[in-house]
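See structure below.
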Amino acid sequence: MDEKYFPEKIEEKWQKRWADERAFEARDDDPREKFYALEMLPYPSGYLHMGHVRNYSIGDALAWYKRLRGFNVLHPIGWDSFGQPAEQAAIKRGIQPREWTEANIVAMRGQFQRLGISYDWSREIAAHRPDYYKWDQWFFLKMLERGLAYKRTSPVNWCPKEETVLSNEQSSGGICWRCGTPVVKKEIEQWYLRITKYAEQLVEDIKEIESGWPEKVIKRQRDWVGRSEGAYIDFGVKDLDEKIRVFTTRIDTIFGATAIVVAAEHPILPQLLEGSSLKDDVLKFAEQIKAARAIKAEDQTADEEKLGMNTGRLAINPFNGELLPVWVANYVLMDYGAGAVMSVPAHDERDFEFAQKYTLPIRQVIAPVIHGQQSEPVNTAPGHDQSIEMKHAFVESGVLVNSGEWSGKLSHEAIREMSEYAAAKNFGGGAVTYRIRDWGISRQRFWGAPIPVVYCPKCGMTPVPEKDLPVLLPEKAEFTGTGESPLKTVPEFVNTTCPKCGAAATRETDTMDTFVDSSWYFFRYCDPRNESMPFAPDSVAKWTPVDQYIGGDSHAVMHLIYTRFWTKVMRDLGLVNFNEPVKRLLTQGMVTNRVEETNEWKAMSKSLGNGVDPDEMIEAFGADATRLFILFAAPVENELRWSETGIEGAVRFLRRVWTMVYRYAGLRPAEHAGGVRTEFSDGARALRRKTHQTIARVTDDFEKLDLNTNVAALMELSNALGEFNVDPATASGSEAFAVREALEALVVMLTPFSPHIAEEMWEGLEHAGGLLKSAQWPSADPELAKKDELEIPVQVNGKLRSRVVVSPDISEADLRALALADAKVQSFIDGHKIVKVIVVPQRLVNVVIK
RNA sequence: GCGAAAGUGGCGGAAUUGGCAGACGCGCCAGACUUAGGAUCUGGUACCGAAAGGUGUGGGGGUUCGAGUCCCCCCUUUCGCACCA
């Protein structure tokens, strides 16, 4: 250890040592309790940004902490290496995606190593390598066998800029999740995974993870699955042997229905119009709605004006036989519920707006319940068509009125009983619907896992047999950027023979969504070189579920829904024996920087010109200070505004610790190993107190992942050490013991934040030969952490007036007497009557006077 | 529009969950050491006030001996959802 701290001198040294000793490789046969620390798989764009540094610094701090606590830690890394940017690079620069990707991985691996993240590099995986994507294809075949993968023609979300299909999750909000371009609809034949089959479990199993996941992610997952309880009701059609099925969550309002409204795409529409003079007009109108929707994605149409047209048909309300006009309108969606609704303007905002525009009757059938009793309905007067003046729909539940024999019942009773009645009479019944749609995984792309099926003129669609996997991507393809899969340009790939009959056949040229790769990658880390299975169930049982997952909240509904789904499928395939892959989830905040032109704080990005290069930070301040600062500067879940002056503070702190370790390195703990309390001077006792308080605090904060306060605690300990300030030449045995105890604790606890300097100092403290990974986390002695004396604030009428210094085990009565006797307190209560005295032991005294 | 979360010094943020508001750091001020300092060290730093003291956690009200923390109303910001029947 040198006298002065130069990060560049020591960081490389320890990185090399860790690599040479394979310090962070996890072994399956290690008998200690396991801990799986995982950060989200990076896309190999070619360079790390500060958001990555934050993500991986958090994960590494936790991995180190658990390692020092004696856990067998699995901390792996790999590459989400399929995807569009590689193809864009291919188009732009005429370089093959594979070359580009491999070069990026090399560059980023170097950056990770320069940061000194403690990964088990022996388990590194990459999605674009055949030994990985082979198993994507294997899973696909398993799903195909079980009917979980299927193909259909349907309108898909299409990004016109990137010329690609997007899943519902990727086009949330009507814009492309990657480039922000408004999404349009396009008819295309596509492969889907039946995630809807697991909709109920995706909601139900939330209870297993709720306590370990951020509330906002749980909420978004729930909303995304969109479970909704209600009922189906079949309305008959007058003069036609047809039924229109509607879905409603408010069957209790059915007597207030004044129309049936169907979606423009509803298949019954042509039949309803058969022989009608309105046929041409209505069908033309329906086409206009569809066309409008194709231009704007459906999500963007919410605030648009409601448009509708009467079909001229009448539907029959099965509850009261009433005839209701059937309309077609733009506000009813085909792909939710039944594609048709009963319009109840009095109790639904949208129906209300629609009814007002087209002057449909508005009939109140729910009255508010006031003080636990039924209020008078607003209007029950006969001969008024029971239409009433309302300014808004009354959407709450209440008590039924104007509802025949059901009147007088409360909404929740009526909902249950009316559903049962509908079921008994065979025209409907209780039902549950979900918003979630099946996951479209087809991409008309080259740089992804080929979907392993073949089209044979005789046998039709035929799965590639397992033994023929992987279906390899060709070495090269042409990139035209037209939206057709570039695989179509490679005849050697396309032309094949049918696995069943041997006839000439063609391959599927779509590849899989890259979210397939990331749905199960962390299981592969457990058994990364398995050649006969995606992973051996034994290995996975050893390590999974993931104990702590760390990543950005941008994946709250995409990756995190898919991986939960995938886990359930793997469970049903007998590969794992649990429902949920991730026990605890941490969503870290963005790292932002000021954009010069607009003066706004935005996530760092190349295009905005506000990026900060981690390599430059490492060069200027060292990896240790960079990591320490990024964890100290803000709570992990908050946005972090980058500041270069802040990082200098981190360097200063490290330098101070270094100087102290250097100064005291020769101090021997001498004979005080037992550490009897009374043998220590006041100063040494105070230092030991601070040491043990800090150990307790840091340990506690780590469990909560409060890393910023954690660093603050270490700084406090370092400050206390600085104040203690004994001369190493003349220090007594007990002083040396106290100093050494503090230094060793400080160095070990600093390791998760700044491991290189910690290793160097650990060596400096003459633990030669032993890496910190074999060190032990210090343990806090509560006796030593206890204060000798307490300073108790004394308030008069709630205002702080004085403080009294007392022993921690003073009796309540003594504390009260002492507080009242205090001269300062006396001056405030003099001439007043003491009403009462509140004594909170160990805490405070409050004297109430009048 | 609907929903959720959050508002604490010049800044990032602490506050053992109802008990000394502002830990720790940045910045700033003063001093020391220096040929020099954008190095290092020491001290100071919520606001008003010379002091005694007073005021203070977005604003207003309430509960309580005591409120940053609990309750009600309002304002602002951020995020999420956006015709889901």
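This is a predicted model, so every value here is computed, not measured. The sequence lines fix the lettering, A, B, ..., with proteins before strands; numbering per chain opens at 1.
- Considering only side-chain N and O atoms, Arg697(A) lies nowhere under 4.0 angstrom from the phosphate OP1 or OP2 of U16(B).
- Here the side chains of Asp624(A) and Pro7(A) are not in contact, with every heavy-atom distance at 4.5 Å or above.
- Here the side chain of Glu716(A) is nearest to one of A85(B), G19(B), C24(B), namely C24(B).
- OP1 or OP2 of G13(B) has at least one side-chain nitrogen or oxygen of Asn638(A) nearer than 4.0 Å.
- The separation between Asp252(A) atom CG and A85(B) atom P is 14 Å, rounded to whole Å.
- A 3.5 Å limit on both hydrogen-bonding distances identifies C75(B) as the Watson-Crick or G-U partner of G7(B).
- In this structure, CD of Gln221(A) is placed 16 Å from C1' of A4(B), rounded to the nearest angstrom.
- Heavy atoms of Val344(A) sit nowhere under 4.0 angstrom from any nucleic acid atom.
- With both ends at atom P, the span from G54(B) to G9(B) equals 23 Å, rounded to whole Å.
- Mapping Lys836(A) and Phe632(A) onto RNA chain B via the closest heavy atom, the residue that lands nearer the 5' end is Phe632(A).
- Taking atom P on both nucleotides, G27(B) is separated from U35(B) by 26 Å, rounded to a whole Å.
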Working note: Arg227(A) + Glu200(A), criterion salt bridge (charged side-chain N to carboxylate O under 4.0 Å, His left out); need CA distance, chi angles, decisive distance, verdict.
CA-CA 8 Å; Arg227(A) 185 181 195 278; Glu200(A) 183 60 37; 2.9 Å; yes
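- In this structure, Glu349(A) reaches neither bases nor backbone, as no heavy-atom distance under 4.0 Å exists between it and the strands shown.
- In the set A39(B), C65(B), C81(B), the nucleotide with an atom closest to the side chain of Ile838(A) is C65(B).
- One P atom belongs to G7(B), the other to G59(B), and the distance between them is 13 Å to the nearest Å.
- When each of G25(B), C81(B), A85(B) is scored by its nearest atom to the side-chain atoms of Asp348(A), the top-ranked nucleotide is A85(B).
- Arg227(A) comes within 4.0 angstrom of no nucleic acid atom, judged by non-hydrogen atoms across all strands.
- Against the 90° criterion about 0, the sugar-base torsion of G61(B) places it in the anti range.
- The glycosidic torsion of U55(B) lies more than 90° away from 0, placing the base in the anti range.
- Residue contacts shown for Asp351(A) are absent, as no nucleic acid heavy atom lies under 4.0 Å away.
- Applying the Watson-Crick and G-U wobble criteria (two distances, each under 3.5 Å), G22(B) pairs with nothing in any strand.
- One finds a side-chain N or O of Arg435(A) lying less than 4.0 angstrom from the OP1 or OP2 phosphate oxygen of A82(B).
- The interatomic distance linking Lys704(A) (NZ) with A14(B) (P) rounds to 11 Å, in whole Å.
- For the pair Ile829(A)/Leu820(A), a side-chain contact is recorded, criterion being any heavy-atom separation below 4.5 Å from C-beta on.
- Rounded to an integer number of Å, the gap from CD of Glu648(A) to C1' of C11(B) is 15 Å.
- Atom CG in Asp553(A) sits roughly 16 Å away from atom P in A5(B) (whole-Å rounding).
- One finds no salt bridge joining Arg250(A) and Asp348(A) here, because no Lys/Arg side-chain nitrogen approaches an Asp/Glu carboxylate oxygen to under 4.0 Å.
- Taking for each of Lys216(A) and Val711(A) the nucleotide of RNA chain B with the nearest heavy atom, the 5'-most of the two is the partner of Val711(A).
- U57(B) and A6(B) have their C1' atoms separated by 13 Å, given to the nearest Å.
- Between the Arg54(A) side chain and the Gly589(A) main chain, a donor and an acceptor come within less than 3.5 Å of each other.
- Residue Lys219(A) places its side chain closer to G3(B) than to any other of G3(B), G13(B), G19(B).
- More than 12 heavy atoms of other residues, nucleotides or ligands shown are found within 6.0 angstrom of CD on Gln826(A).
- Residue contacts shown for Asn846(A) include a base, since a base heavy atom lies under 4.0 Å away.
- Residue-level contact check: Asn797(A) touches neither bases nor backbone, having no heavy atom under 4.0 Å from any strand.
- Contact annotation: the side chain of Ile58(A) approaches that of Leu631(A) to within less than 4.5 Å [non-hydrogen atoms, C-beta and beyond].
- Contact annotation: Ser228(A) reaches the phosphate of A85(B) (side-chain N/O to OP1 or OP2, under 4.0 Å).
- As the counterpart of C2(B), G80(B) is assigned, both hydrogen-bonding distances of the Watson-Crick or G-U wobble pattern falling under 3.5 Å.
- Nearest to the side chain of Arg843(A), among G13(B), C83(B), G19(B), sits G19(B).
- Residue Gly337(A) is classed as having no contact, given no heavy-atom separation below 4.0 Å to the nucleic acid.
- The separation of G13(B) from C33(B), taken at their P atoms, amounts to 39 Å, rounded to a whole angstrom.
- Residue-level contact check: Val848(A) touches the backbone only, with heavy atoms under 4.0 Å from sugar-phosphate atoms and none from bases.
- Within a 6.0 Å radius of CD in Glu215(A), other residues, nucleotides and ligands contribute 12 heavy atoms or fewer.
- As the counterpart of G37(B), no nucleotide is assigned, since no Watson-Crick or G-U wobble pattern has both distances under 3.5 Å.
- You'll find that the side chain of Pro793(A) is closest to C20(B), out of C20(B), A85(B), A39(B).
- Listed pair Asn708(A) / A23(B) fails the phosphate criterion, with no side-chain N or O lying under 4.0 Å from OP1 or OP2.
- Rounded to the nearest Å, the gap between the P atom of G3(B) and that of C74(B) is 12 Å.
- We find that CZ of Arg250(A) is positioned 12 Å from P of A85(B), with the value rounded to whole Å.
- As rounded to the nearest Å, G19(B) and G66(B) have P atoms that lie 15 Å from one another.
- Under the 30°/60° scheme for interplanar angles, the aromatic rings of Tyr358(A) and Trp327(A) are found to be tilted.
- Separating the CD atom of Glu396(A) from the C1' atom of C2(B) is a distance of 14 Å, rounded to the nearest angstrom.
- With both ends at atom P, the span from G22(B) to G68(B) equals 12 Å, rounded to whole Å.
- Rounded to whole Å, the distance from CG on Leu640(A) to C1' on C26(B) is 13 Å.
- With Phe354(A) as the aromatic partner, Lys306(A) does not meet the cation-pi criteria of under 6.0 angstrom to the ring centre and within 45 degrees of the ring axis.
- You'll find that the side chain of Val840(A) is closest to G19(B), out of G19(B), C24(B), C83(B).
- With C65(B), A85(B), C83(B) as the choices, the nucleotide that has an atom nearest any side-chain atom of Tyr336(A) turns out to be A85(B).
- The phosphate of G54(B) has OP1 or OP2 within less than 4.0 Å of a side-chain N or O from Arg801(A).
- Note on Gln795(A): a base of the nucleic acid sits closer than 4.0 angstrom, heavy atoms only.
- The phosphate of C41(B) (OP1 or OP2) has no side-chain N or O of Arg652(A) nearer than 4.0 angstrom.
- Between Lys799(A) and U55(B) there is a side-chain N or O to OP1 or OP2 distance below 4.0 Å.
- Residue Thr645(A) places its side chain closer to C26(B) than to any other of C26(B), C24(B), C20(B).
- Nucleotide A30(B) is matched to U42(B) when pairs are restricted to Watson-Crick or G-U wobble geometry with both distances under 3.5 angstrom.
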